[in-house]
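Convention: sequence-line order gives letters A, B, ...; per-chain numbering from 1.
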There are 2 protein chains.
Amino acid sequence: MPDHTRPPDKRVTIYDVAVEAAVSPSTVSRAFSRPSRVNSETAERIRQVAERLGYRTNPLARALTTSRTQMIALVIADITNPVYAEIVRGAQEAATDGEYTTVLIDAQESDRRERAAVERTMSTVDGIVLASSRMSDSAIRMFAKQRPVVVLNRAIADVPCVVTDNPRGVRRAAEHLGELGHDHITYVAGPQASWPNGIRWRSLLEAGMELEIKVRQIGPFSPTMDGGERAAQELCARPTTAVLAFNDQMAIGIIRGLSRMGVNVPGDVSVVGFDNILAADLVTPGLTTVAAPLYAEGSAATRHLLTMIAGAPGHTGRPMVLPVRLVVRQSTAARNPSPGRARPQWVGQRPASNPAAHLP
Amino acid sequence: MPDHTRPPDKRVTIYDVAVEAAVSPSTVSRAFSRPSRVNSETAERIRQVAERLGYRTNPLARALTTSRTQMIALVIADITNPVYAEIVRGAQEAATDGEYTTVLIDAQESDRRERAAVERTMSTVDGIVLASSRMSDSAIRMFAKQRPVVVLNRAIADVPCVVTDNPRGVRRAAEHLGELGHDHITYVAGPQASWPNGIRWRSLLEAGMELEIKVRQIGPFSPTMDGGERAAQELCARPTTAVLAFNDQMAIGIIRGLSRMGVNVPGDVSVVGFDNILAADLVTPGLTTVAAPLYAEGSAATRHLLTMIAGAPGHTGRPMVLPVRLVVRQSTAARNPSPGRARPQWVGQRPASNPAAHLP
DNA sequence: TTGAAAGCGCTAACAT
DNA sequence: ATGTTAGCGCTTTCAA
């Protein structure tokens, strides 16, 4: 039977080390300061004493005087969405490289929760990466005034931003559908508070103009498989031959919803998504989608944040734009000349996956 | 052009509020202490003054005196693995309810990284939930001596644990396969440092004994789709009719690997996974799998941790066991009497998804 | 290079 | 119910 009483946590302090090493506390402090300002034999001896005593510097106390916690916050819109996993990895790698710890915050697609969480965490971290924030521009600017902030997947004036090339991605998708004979594309919208949602629709509007493809929008729907299934119902009421969905999860939901109602993808309807999540390659038919360099997004945003924390000005001109590419799979096919009637899938006509080249 | 120089961050302190409200600093402190020990009109007035001045209590300074940061750490083995998303949600919900902030740490399937991260974070948090830790028992016990710790998906003596009913899950899977006529099951192992991996294999050994089904093990493989694809190759060299995989991601990899090599699932080989991730319902054929109450795991572990932080003894007797259920989809079928030859899939014979009842 | 002294912003005994 | 005093563990002037 283990004893259930917590030991009174006798912390070894700098003072204990100082006594043991027969130096002043400030000398001990210097031996542990970063960058190690002291390399003398004394410092080395102090470190050994500290090691022996099991001394660990208390980050809270240090932070109180330096106002540097060596932690950054990474806020993501929805941890359930697999896109963020890679972004988190990229961010964490960059943070670890800079000797920073990352505090992950899941906003659960809620403006309110996001604000509350950021407010609570703000004073505990040295900077914040906002990935796909659902907060208002003004709220974000307010936070940016108090701490270094980098925004991901969104462009806000006067705040450093990292975005992917949405216009280009949409354009490529529209071209692809156009080449397949579609003269009409329905955009299935995601959350209205999502910046990419807005720019994707506007980009489609523009691309449609240039390519002489008619476009329309339905939604908004929740950016999940469920949202996609609901969108599928609406699509049935107002048929199209080509769909561009806000993201892959919705696209997958759309494919499943349509299939259940007897509509063949890609026979009757072609579907394109965004993000190239793992599941896009798993569903049947495989999902044609616009892929973004997720890991690079997280890492670029974080690296930039660290330079700002270190005192750099923060790149607030144009946002940093990362390239995208179109990954063609089986969910898109030439337009069905006789819509509404099922037709055989073109087995073998399109490769299982397309190693589409990166953009320049 | 925004000014790039950070304002000197003039923090409003308790002292400023005290002066403005014409009371002593400690009175201000009390007005903000939790639980609010003061409800007098003075306290209300102080809060209004604070509001007006934009005062925010500094959690770092507070933590320095109270040694309570109101933060807990949640360590997960691999953020890329979708099982953890729901666990995180459950944990965060519970933490938020208790006015705690969750610091998420991704161990990236690495013992070393996990230790380093926990060591760095330990002194900053009031407690730790270790979900599927890859660290050694002794390392975990060491941490548990310094901070309240709850372990998820693993049983360690003298440390509070929350686990799912692995033996029961394996047993149900084995029974299911047995009923389908399989007299031989191959277990495809995951990481050796994973506790569920060990217990699943041992449980299968036991179930095989009782049900008179022969069992064997191959692996270990990485608990990812890639790992599953590699396992599929080995499975081809040593054929079976029934496979139980360490988790769903591996199971999906196995199905894809086998399909690519011309082996039909479930015609030639039945495959069962673990976890019931979303993708299990997405692949073709749908994956039969043992489902765990992910959200409940995260929430139960966290709630228990919070009681420990509040001073409760910590339930170190038997681990808390959460029920599982078998979700039957299309990846399992009656044993093929003429192995090696493709045979038609039994369309419509099995429902698309089975609303299997929860265990008692 | 080292030591002494003065806080960082807050809370927790004590008093009153 | 409020004020006074003394720190939490560390860093940082300023002197030596």
**Request:** Mind calculating the distance between CG (B/Asp16) and P (C/dC10) to the nearest angstrom?
**Result:** 9 Å
**N-O pairing of A/Asp78 and A/Arg134 below 4.0 Å** = no
**Asked** Have B/Thr27 and B/Ser24 got a donor and an acceptor in their side chains that come within less than 3.5 Å?
**Response** yes
**Prompt:** Is B/Thr66 near enough to D/dC8 that one of its side-chain N or O atoms lies under 4.0 angstrom from OP1 or OP2?
**Reply:** no
**Request:** Using the test salt bridge (charged side-chain N to carboxylate O under 4.0 Å, His left out), find all partners of A/Glu119 that sit at least two apart in sequence or belong to another chain.
**Result:** none
**Message:** Under a plain distance cut-off of 3.5 Å, with no hydrogens placed, do A/Tyr100 and A/Asp126 share a side-chain donor-acceptor pair?
**Reply:** yes
**Asked** Within this structure, what is the CZ-to-P distance between B/Arg62 and C/dA12, rounded to whole angstrom?
**Response** 9 Å
**Asked** For A/Tyr15 and D/dT11, what is the distance between atoms OH and P respectively, to the nearest whole Å?
**Response** 16 Å
**Prompt:** Separation of B/Phe32 atom CZ from C/dA12 atom P, in whole Å?
**Reply:** 16 Å
**Message:** Counting distance alone, no hydrogens or angles: does the base of D/dT4 have a donor or acceptor under 3.5 Å from a partner atom on the side chain of B/Ser26?
**Reply:** yes
**Asked** Considering only C/dT11, D/dT12, C/dG9, which nucleotide approaches the side chain of A/Ser29 most closely?
**Response** D/dT12
**Message:** Below the 4.0 Å mark, does C/dG3 have OP1 or OP2 next to a side-chain nitrogen or oxygen of A/Ser24?
**Reply:** yes
**Message:** Holding to salt bridge (charged side-chain N to carboxylate O under 4.0 Å, His left out), I want the full list of residues that pass it with A/Glu86, two or more places apart in sequence or in another chain.
**Reply:** none
**Request:** Starting at atom CZ of B/Arg11, determine the distance to atom P of C/dG9, rounded to an integer number of angstrom.
**Result:** 7 Å
**Asked** Quick one: A/Arg68 CZ to D/dT11 C1', roughly how many Å, whole number?
**Response** 14 Å
**Asked** Closer than 4.0 Å, any side-chain N/O of A/Thr42 to the OP1 or OP2 of C/dT2?
**Response** yes
**Polar side-chain atom of B/Arg147 near backbone of B/Met122 as donor-acceptor pair, under 3.5 Å** = yes
**Request:** Nearest whole angstrom, please: distance from the P of D/dC8 to the CG of A/Leu64.
**Result:** 13 Å
**Item:** B/Ser299/B/Arg303 under side chain to side chain donor-acceptor pair (under 3.5 Å): CA gap, chis, key distance, verdict
**Value:** CA-CA 6 Å; B/Ser299 132; B/Arg303 279 199 310 263; 2.7 Å; yes
**Prompt:** How bent is the helix from C/dT1-D/dA16 to C/dT16-D/dA1, comparing axes over its five end pairs at each side, to the nearest 10°?
**Reply:** 30°
**Request:** Just jot down the salt bridge (charged side-chain N to carboxylate O under 4.0 Å, His left out) partners of A/Arg113, sequence neighbours excluded, or say none.
**Result:** none
**Message:** Applying salt bridge (Lys or Arg N to Asp or Glu O under 4.0 Å) as the test, list every pair that has at least one member in residues 56-68 of chain A; sequence neighbours left out.
**Reply:** none
**Message:** Can a side-chain donor-acceptor contact be found between B/Ser132 and B/Tyr84 if the only test is distance below 3.5 angstrom?
**Reply:** yes
**Message:** Without decimals, in angstroms, what is the distance between B/Glu44 CD and D/dA1 C1'?
**Reply:** 16 Å
**Item:** Short side-chain N/O contact from A/Thr27 to OP1 or OP2 of C/dG3, under 4.0 Å
**Value:** yes
**Message:** I need the residues from residues 51-60 of chain A with at least one non-hydrogen atom less than 4.0 Å from DNA chain C; give them sorted by number, or say none.
**Reply:** none
**Item:** Candidate nucleotides C/dG9, C/dG7, D/dT13, ranked by approach to the side chain of A/Thr65 - the nearest
**Value:** C/dG7
